[in-house]
Amino acid sequence: MAGIAVVTGASSGIGAATAHRLAKDGFDVVAVARRAERLHRLAAETGIRPYVLDVTDDAGVRRFAAELGSCDVLVNNAGGALGADPVAEADAADWERMYSVNVLGTLRMTQALLPLLRAGRGGTIVTVTSTAAFTAYEGGGGYSAAKHAERALAETLRLELCGEPVRVVEVAPGMVRTEEFALNRMRGDAQRAAAVYEGVDRPLTADDVAECVALAVGLPQHVNVDQLVVRPLAQAAQHQLHRGPLFRD
């Protein structure tokens, strides 16, 4: 089943990879993000439809939904982490920004597009959270709090939509190496960002997570993947990470 798929946070990383992957599966992909130049580059490469939008802009989200007309799949991917400070020293503004994008952005997009998802042959909402959505860790208080809330949103929505042909899927990645996630979190400090992945043999890539999204979306409509947790083999749990050679090339 193909149709119209909306992917948020699509200008880079997991969002861009997911937009590309769903387009390969025949979806008419509408890629949503704030950065116009990157979106138009992605459109030139893949044929997706770019739409410049900040998911924290309530009026902008409502306008987007009104212009869209129909929707079969929504991938709530827009989000991110800011800072790695302990709770005692954390900047409340960072926490507000993470909550605004990860949680309220997901809420706005879901509310705006839900009538369209309900109106079709059967809709699917995929929310990309994180293993931080169910396991806290030092220095991750704000991000983990936001992802816990995003997970609660998805779980509650699934209960509330029981009896309707709309699937609610959560994809929770562990360690994923993208060009921007850790760099943004470390406020542009490339050395600290690189240290996150140092010695880890093959952390997940954005394409790996996109494959998981495509798998969940591509299953028959009566099959709902409630939660798909995906980690690199080197990461057995949040605090159990192997640094060193793992694979023979």
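The ring-ring contact (aromatic ring centres under 6.0 Å, His included) check on Phe181 picks up Tyr143, with sequence neighbours excluded.
Cluster annotation: Val169 is connected to Val223 through the hydrophobic network of ILVMFWY side chains, with a link wherever side-chain heavy atoms come within less than 4.5 Å. One hydrophobic cluster, built from ILVMFWY side chains closer than 4.5 Å, holds both Val128 and Phe27. Both Val225 and Ile14 belong to a single network of hydrophobic side chains, linked directly or stepwise wherever heavy atoms of I, L, V, M, F, W or Y lie under 4.5 Å apart. In terms of hydrophobic clustering, with Ile, Leu, Val, Met, Phe, Trp and Tyr side chains grouped at heavy-atom distances under 4.5 Å, Leu53 and Leu117 are assigned to a common cluster. Linking ILVMFWY residues whenever their side-chain heavy atoms come closer than 4.5 Å, directly or via other members, leaves Leu233 and Val196 in distinct clusters.
Within the 4.5 Å cutoff, the side chain of Thr129 has no heavy atoms near those of the Val171 side chain. At a threshold of 4.5 Å between non-hydrogen side-chain atoms, the residues Ile125 and Val166 count as touching. Counting heavy atoms from C-beta on, the side chains of Asn76 and Thr110 come closer than 4.5 Å. No side-chain heavy atom of Leu68 sits under 4.5 Å from any side-chain heavy atom of Tyr51. Within the 4.5 Å cutoff, side-chain heavy atoms of Val52 are placed close to those of Leu39. Side-chain contact between Thr56 and Val101 is present, with at least one heavy-atom pair separated by less than 4.5 Å. With contacts defined as side-chain heavy-atom distances shorter than 4.5 Å, the pair Leu82/Arg185 does not qualify. Annotation: side chain of Arg177 is not in contact with side chain of Leu204 (no heavy-atom distance under 4.5 Å).
Checked for salt-bridge contact, Asp207 and Arg21 miss the test: no charged N lies under 4.0 Å from a carboxylate O. Salt bridge Glu164/Arg118: present, at least one basic N to carboxylate O contact under 4.0 Å. Ion pairing between Arg49 and Glu67 fails under the 4.0 Å rule for side-chain N and carboxylate O. Of the charged side-chain nitrogens involved, none lies within less than 4.0 Å of a carboxylate oxygen, so that Asp57 and Arg34 do not count as a salt-bridged pair. We find that Glu45 and Arg41 are not joined by a salt bridge, their nearest charged nitrogen and carboxylate oxygen being 4.0 Å or further apart. With respect to Arg38 and Glu180, a salt bridge is recorded, a charged nitrogen being found less than 4.0 Å from a carboxylate O.
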Ser11 vs Arg35, side chain to side chain donor-acceptor pair (under 3.5 Å): CA-CA, chis, key distance, verdict: CA-CA 6 Å; Ser11 60; Arg35 294 178 292 185; 3.1 Å; yes
Could you check Asn77 against Thr18 for side chain to side chain donor-acceptor pair (under 3.5 Å), going step by step and ending with a plain yes or no? CA-CA 9 Å; Asn77 169 74; Thr18 299; 5.8 Å; no
Check against side chain to side chain contact (heavy atoms under 4.5 Å, CB included), Leu241 and Val200: CA-CA 8 Å; Leu241 183 66; Val200 179; 3.9 Å; yes
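In this structure, CZ in Arg151 is found 10.5 Å from OG in Ser144, a value given to the nearest 0.5 Å. The line from OG1 of Thr127 to CG of Leu157 is 8.0 Å long, rounded to the nearest 0.5 Å. Between atom CG of residue Leu113 and atom CZ of residue Arg62 there is a gap of 13.0 Å, rounded to the nearest 0.5 Å. How far CD of Gln227 is from CD of Glu155: 7.0 Å, rounded to the nearest 0.5 Å. Note that CD1 of Ile4 and SG of Cys71 are 7.0 Å apart. Values are rounded to the nearest 0.5 Å.
Residues Thr106 and Glu150 have side chains that bring a donor and an acceptor to within less than 3.5 angstrom of each other.
Residues in residues 200-242 take part in no ring-ring contact (aromatic ring centres under 6.0 Å, His included) pair, two or more places apart or across chains.
A pairwise comparison of heavy atoms in Ala237 and Arg231 identifies C-NH1, 3.7 Å as the closest pair. Closest heavy-atom contact between Ala10 and Ala33: N-CB, 3.8 Å.
Around atom OH of Tyr99, no more than 12 heavy atoms belonging to other residues, nucleotides or ligands sit under 6.0 Å away.
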